[in-house]
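Input: a single structure, listed below in structure tokens.
Whatever order the structure lists them in is the order used to number ligands and atoms, beginning at 1. Values in this document were obtained by computation on a predicted structure and should not be read as measured data.
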Amino acid sequence: MPKTLRLILGDQLNQSHSWFEEKSDDHIYLMAEMRQETDYVNHHVQKVLAFFDSMRNFASEIETQGHQMRYFKLDDPKNPQDLEKLIQQLVNDEGIEKFEYQLPDEYRLDEQLRSICKNLKISTDSVDSEHFLTKRAFLEEFFKGKKTYLMESFYREMRKKYDILMDGKEPVEGKWNFDHENRSALKDSKLLKKPKAHPKDLSGLLEMLEKSGVKTIGKVDAENFPWPTSRKECLEVLDHFCKNLLIHFGDYQDALTTWDAFLFHSRLSFAMNSKMLSPLEVVQKVESYWEGHRKEISISQVEGFIRQIIGWREYMRGVYWAKMPDYAEMNFFGHDRKLPDWFWTGKTKMKCLSEAIGQSLDLAYAHHIQRLMVTGNFALLAGIHPDEIDKWYLGIYIDAIEWVEITNTRGMSQFADGGIVGTKPYVSSANYIKKQGNYCDHCAYNHKEKVGDKACPFNSLYWHFYERNREKLEKNPRIGMAYRTLDKLKNKQEILEQAESYLSNINEL
Ligand SMILES: Cc1cc2nc3c(=O)[nH]c(=O)nc-3n(C[C@H](O)[C@H](O)[C@H](O)COP(=O)(O)OP(=O)(O)OC[C@H]3O[C@@H](n4cnc5c(N)ncnc54)[C@H](O)[C@@H]3O)c2cc1C
Ligand code: SF4
């Protein structure tokens with residue numbers, strides 16, 4: 001057996017990978033904390049801490065199992081902070097004859113590893129990361145020749161293929177999708193449960209980041225770091241979700257409220273994106289918990305959750321590999337405005353945005369509807385350049401890795417891909433935000449007004465968005481109605497002028 005160096009990236013913490021089935025002194029595992037990863041965007045401090053702590057826990061577990069691990073901390077003098085040099089260094093020092101890596105999820109790393117392999121003078125190989133339900137190219141083949149990739153057809157295929165929520169060939173309880181039942185606002189704060197936290201002291205790790213000069217955004221209480229950073233902790237979060245949150249997941253999936261940041265969301269995205277949990281084990285555990293509790297938990301809760309994982313998550317990955325690298329350049333509307341300064345502080349008079357941004361800075365987390373219908377909605381209505389928006393989303397969230405961030409941001413939220421992911425842009429006026437919760441009740445602006453000092457900016461910007469993109473959108477059959485309403489507005493000109501004035505003073509909103 002040739003002496004083999006096996007690279008494990010920071011988001012490849014999959015203990016069940018077949019690499020670990022066999023123990024051999026000829027297999028040397030390599031993990032490293034690298035400046036190229038801390039610096040490719042300005043990350044939230046909790047995100048960097050979560051990744052490094054999870055990597056360290058993973059490395060020590062693998063070592064305890066008897067595997068050969070070489071782990072390089074960020075401040076290790078032997079860490080050259082250059083992946084190619086590091087690999088070459090180990091090849092020379094340890095007499096390595098073969099280099100292997102698991103296929104990365106990011107295009108940037110895929111390119112880098114291919115190039116490193118070309119330069120190495122030993123044999124090289126790549127293997128699957130054994131995490132996803134589909135191979136990289138599956139989605140592209142599934143939708144061959146189609147302009148729009150309909151998520152729902154992909155999702156049904158996954159349900160059938162993996163026999164999830166199926167009753168023979170039919171969906172369990174007769175319907176594939178219960179989305180229409182999953183749109184309630186939360187009226188009673190007593191239903192809320194405390195998140196499952198795993199407070200641990202990461203102040204030493206934080207000190208290392210600070211001493212090394214790593215630039216981060218956001219806040220952290222490093223002595224009580226709350227995110228799960230080991231497989232055991234991730235499994236506990238999953239268990240907590242099944243026992244306490246699943247019962248209302250679907251009902252309040254789209255709710256917006258000042259009462260709580262997490263509501264009935266699972267907080268499992270980091271656990272899955274780092275691969276400490278596999279998507280299949282998460283959905284199978286949730287399905288089997290539901291099967292044992294069918295009297296209390298309705299199908300709409302569990303179907304809503306499972307669709308996010310085997311549907312949206314898997315689908316976004318397929319879109320990423322089908323469309324990169326061009327996807328990262330797409331800007332369908334030609335938007336070019338800078339992100340307002342208050343995206344980095346949360347200091348805006350708009351309550352919905354101050355809540356969603358403030359919470360993101362405090363917790364490195366916002367749930368899907370905050371990302372899509374508050375921050376994303378505002379950015380799209382205001383015509384912010386997708387590069388600016390991507391940079392923000394890629395940095396701020398604990399779960400942000402490009403394959404799932406960019407497809408959600410440029411695709412689902414900004415329609416910058418011109419309709420690959422979505423059939424129409426996700427935009428709304430204040431109506432939607434008001435309907436979903438209590439933000440508008442605590443806002444300096446009036447959700448009912450379109451013009452005047454107190455008029456909610458979403459209202460005029462909504463019509464401004466449609467007016468300025470008429471040529472691109474009017475013929476879309478799903479949007480025609482909006483144009484008929486716009487053209488009937490008595491004070492259309494005044495509304496458009498109000499929007500112009502808000503856009504000229506965007507930093508003051
Ligand atoms: C603009 C924008 C940017 C986003 N960026 C990211 C990102 O960088 N990383 C990320 O993991 N998710 C991203 N999402 C998707 C989603 O918002 C998060 O996965 C979710 O909020 C994570 O919280 P949770 O684990 O509590 O999710 P839950 O609400 O409990 O959902 C369960 C799981 O479903 C999956 N999921 C749900 N929606 C999506 C989706 N649209 N795409 C992919 N997976 C989904 C996640 O793995 C999540 O953990 C983004 C969404 C938008 C609109
Ligand atoms: S009034 Fe407008 S800005 Fe204020 S919270 Fe409601 S939607 Fe947001």
(request) Would you mind checking which non-hydrogen protein atom is closest to atom 5 (N) of ligand 1, with the distance to 0.1 Å? (result) R371 NH1, 3.5 Å
(request) Output the list of atoms in ligand 1 that are nearer than 4.0 Å to some heavy atom of M272, sorted by atom number. (result) 47 (O), 49 (O)
(message) Check whether R317 reaches the backbone of W403 with its side chain - one donor and one acceptor, N or O, closer than 3.5 Å.
(response) no
(request) Output the list of atoms in ligand 1 that are nearer than 4.0 Å to some heavy atom of R267, sorted by atom number. (result) 24 (P), 25 (O), 26 (O)
(request) Check which protein N, O or S atoms are less than 2.8 Å from atom 4 (Fe) of ligand 2 and report how many there are. (result) 1
(message) So is F305 touching ligand 1 or not, going by heavy atoms under 4.0 Å?
(response) yes
(message) Which of the numbered atoms in ligand 1 are under 4.0 angstrom from any heavy atom belonging to A366?
(response) 21 (O)
(request) For N42 and I217, indicate whether the former's side chain and the latter's backbone hold a donor-acceptor pair under 3.5 Å. (result) no
(request) Say whether T409, considering both its backbone and side-chain N or O atoms, lies within less than 3.5 Å of an N or O atom on ligand 1. (result) no
(message) Testing the 3.5 Å rule here: is there a donor-acceptor pair between the side chains of Q36 and Y40?
(response) no
(message) Tell me whether the rings of Y252 and H248 are parallel (<30°), tilted (30 to 60°) or perpendicular (>60°).
(response) tilted
(message) Closer than 3.5 angstrom, by distance alone: can the side chain of Q46 be matched with the main-chain N or O of F225 as a donor-acceptor pair?
(response) no
(request) Could you list the atoms of ligand 1 found under 4.0 angstrom from a heavy atom of L372? (result) 53 (C)
(request) For L268, counting its heavy atoms only, list the atoms of ligand 1 lying under 4.0 Å from any of them. (result) 25 (O), 49 (O)
(message) Just by distance, no angles: are the side chains of N177 and E152 close enough, under 3.5 Å, to form a donor-acceptor pair?
(response) yes
(message) A side-chain contact here means heavy atoms from C-beta on lying under 4.5 Å apart; do L191 and W259 qualify?
(response) no
(request) Decide whether S269 and Y365 meet the rule of one side-chain donor and one side-chain acceptor closer than 3.5 Å. (result) no
(request) Select the closest option to atom 24 (P) of ligand 1 among F249, Y365, W403, judged by heavy-atom distance. (result) Y365
(request) Determine the interplanar angle of the H335 and F333 rings, folded into 0 to 90°, and report it as parallel if under 30°, tilted if 30 to 60°, perpendicular if over 60°. (result) parallel
(message) Taking a cutoff of less than 4.0 Å between a non-hydrogen atom of the residue and any ligand atom, is Y315 in contact with ligand 1?
(response) no
(message) If we count only N and O atoms by modelled type, under 3.5 Å, do the side chains of E402 and Y327 hold a donor and an acceptor together?
(response) no
(message) On a heavy-atom basis, which atom in E314 and which in L133 lie closest, and how many Å separate them?
(response) OE2-N, 2.9 Å
(message) Under 4.0 Å between a side-chain nitrogen and a carboxylate oxygen: does that hold for K450 and E494?
(response) no
(request) Note the single closest protein heavy atom to atom 7 (C) of ligand 1, along with its residue, its atom name and the distance in Å. (result) D399 OD1, 3.3 Å
(message) I need the nearest protein heavy-atom contact for atom 42 (N) of ligand 1: residue, atom name and distance, please.
(response) N408 ND2, 3.0 Å
(message) When you compare the side chains of S298 and Q301, does any donor N or O come within less than 3.5 Å of an acceptor on the partner?
(response) yes
(request) Tell me which protein heavy atom sits closest to atom 39 (C) of ligand 1, plus the residue, atom name and distance to 0.1 Å. (result) W312 CB, 4.0 Å
(message) Just by distance, no angles: are the side chains of E508 and N505 close enough, under 3.5 Å, to form a donor-acceptor pair?
(response) no
(message) Going by the closest heavy atom to atom 29 (O) of ligand 1, which one wins out of H265, Q308, R317?
(response) H265
(request) Any atoms of ligand 1 less than 4.0 Å from a non-hydrogen atom of N273? List them with their elements. (result) 9 (N), 10 (C), 11 (O)
(request) Within a distance under 4.0 Å of any heavy atom of R313, pick out the atoms of ligand 1 and give their elements. (result) 43 (C), 44 (N), 47 (O)
(request) Measure from atom 19 (O) of ligand 1 to every heavy atom in S413, P195, A271, S269 and give the option owning the shortest one. (result) S269
(message) How far is atom 33 (C) of ligand 1 from the closest protein heavy atom, and which atom is that?
(response) I309 CG1, 3.7 Å
(message) Over 60° means perpendicular and under 30° means parallel, so tell me whether Y397 and Y393 are parallel, tilted or perpendicular.
(response) tilted
(message) I need the nearest protein heavy-atom contact for atom 16 (C) of ligand 1: residue, atom name and distance, please.
(response) H368 ND1, 3.5 Å
